[in-house]
*Asks:* 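One structure, as structure tokens, below. Some questions next.
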Amino acid sequence: MSIAYIIAMHPDSCAFIRFDHCFLEVLHVEYASLSVEEIQRQLQEAENKKVELKRLLEVRREEGKDDIVQQIRDLIEQNGYDYDEIIPHVSPKRRRGAGGRKLVGDRQYKRYVDPDNPDNVYVRGVLPGWMKQKMAAEGYDPASKDDRESFKANCLREEG
């Protein structure tokens, strides 16, 4: 492929024109006569503008997320499903540990919810601090498996 280049000079600027078979590209450079201070000032202005545009882009992206979430909710509803029924299929939970492991299967574990604070939920594994404190306050020993089972049965609400 043959390409021809033309450089045209003007006292305040320089134009660089590239011709090839498919297109004409014109790059206009306006900075030939600028002083070092002027170039530095324009670079700082460009950097400030870049920072502001990045911030604005992030704001717009965050605003766009709300719209997408609403579209997804509407789509789920239009197809006759409940949001909570579909979302687990969209984003299945991964097991803790090394990467590359398989996704957790369809096995469902019982969820134990604190009736006094529904934000306190225990599924399995290490006992959370809120549960240990509540067990001790109720006279149960968190180190005893029998006490843990009794506490879950008597003091927590079971879901799932």
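The figures here come from the full heavy-atom set of this structure, side chains too, leaving out hydrogens, waters and symmetry mates.
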*Asks:* How would you list all residue pairs meeting salt bridge (charged side-chain N to carboxylate O under 4.0 Å, His left out) that involve residues 59-71, not counting sequence neighbours?
*Replies:*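 As it turns out, the salt bridge (charged side-chain N to carboxylate O under 4.0 Å, His left out) pairs with a partner in residues 59-71, which skip direct neighbours, are Arg60-Glu63, Glu62-Lys65.
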*Asks:* Do Leu57 and Val51 sit in the same hydrophobic cluster, where Ile, Leu, Val, Met, Phe, Trp and Tyr count as joined when their side-chain heavy atoms come under 4.5 Å apart?
*Replies:* no
*Asks:* Do Leu34 and Leu43 share a hydrophobic cluster (ILVMFWY, side-chain heavy atoms under 4.5 Å, transitive)?
*Replies:*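 Cluster IDs for Leu34 and Leu43 match.
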*Asks:* Is there a path of hydrophobic side-chain contacts, each under 4.5 Å between heavy atoms of I, L, V, M, F, W or Y residues, that connects Tyr112 with Trp130?
*Replies:* yes
*Asks:* Partners of Gln78 by side-chain hydrogen bond (donor to acceptor under 3.5 Å, both in side chains), sequence neighbours excluded?
*Replies:*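 None.
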*Asks:* Looking only at side chains, do Glu52 and Asn48 share a donor and an acceptor under 3.5 Å apart?
*Replies:*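 Glu52 vs Asn48: no donor-acceptor pair found between side chains.
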*Asks:* Roughly how far, to the nearest 0.5 Å, is the CD1 atom of Ile68 from the CG atom of Leu75?
*Replies:*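 The distance works out to 13.0 Å.
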*Asks:* Considering only heavy atoms from C-beta outward, does the side chain of Asn154 approach that of Tyr140 to under 4.5 Å?
*Replies:*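 Asn154 reaches Tyr140 side chain to side chain.
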*Asks:* Please collect all salt bridge (charged side-chain N to carboxylate O under 4.0 Å, His left out) contacts where either partner lies in residues 124-152, sequence neighbours excluded, each pair once.
*Replies:*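 Qualifying pairs, neighbours excluded: Asp114-Lys134, Asp116-Lys134, Glu149-Lys152.
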*Asks:* Rounded at 0.5 Å granularity, tell me how far CD in Gln40 sits from CD in Glu47.
*Replies:*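 Going from CD on Gln40 over to CD on Glu47, the span is 13.5 Å.
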*Asks:* Would you find a donor on one side and an acceptor on the other, under 3.5 Å apart, between the side chain of Tyr81 and the backbone of Asp84?
*Replies:*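 Answer holds: no.
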*Asks:* Any idea which heavy atoms bring Glu38 and Ser35 closest together, and the distance?
*Replies:*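 Nearest heavy atoms, Glu38 then Ser35: OE1-N, 2.8 Å.
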*Asks:* Examine Ile76 and Val69 and state if one hydrophobic cluster contains both, with Ile, Leu, Val, Met, Phe, Trp and Tyr joined whenever side-chain heavy atoms are less than 4.5 Å apart.
*Replies:*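 Hydrophobic grouping puts Ile76 apart from Val69.
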*Asks:* When rounded to the nearest 0.5 angstrom, what is the spacing between OH in Tyr122 and CE in Met131?
*Replies:*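 Between atom OH of Tyr122 and atom CE of Met131 there are 5.5 Å.
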*Asks:* In terms of hydrophobic clustering (I, L, V, M, F, W, Y; side-chain heavy atoms under 4.5 Å; direct or indirect links), are Tyr109 and Val113 co-clustered?
*Replies:* yes
*Asks:* Any side-chain heavy atom of Phe151 sitting closer than 4.5 Å to one from Leu156?
*Replies:* yes
*Asks:* What are the two closest non-hydrogen atoms of Pro115 and Cys155, and how far apart are they?
*Replies:* CD-O, 3.3 Å
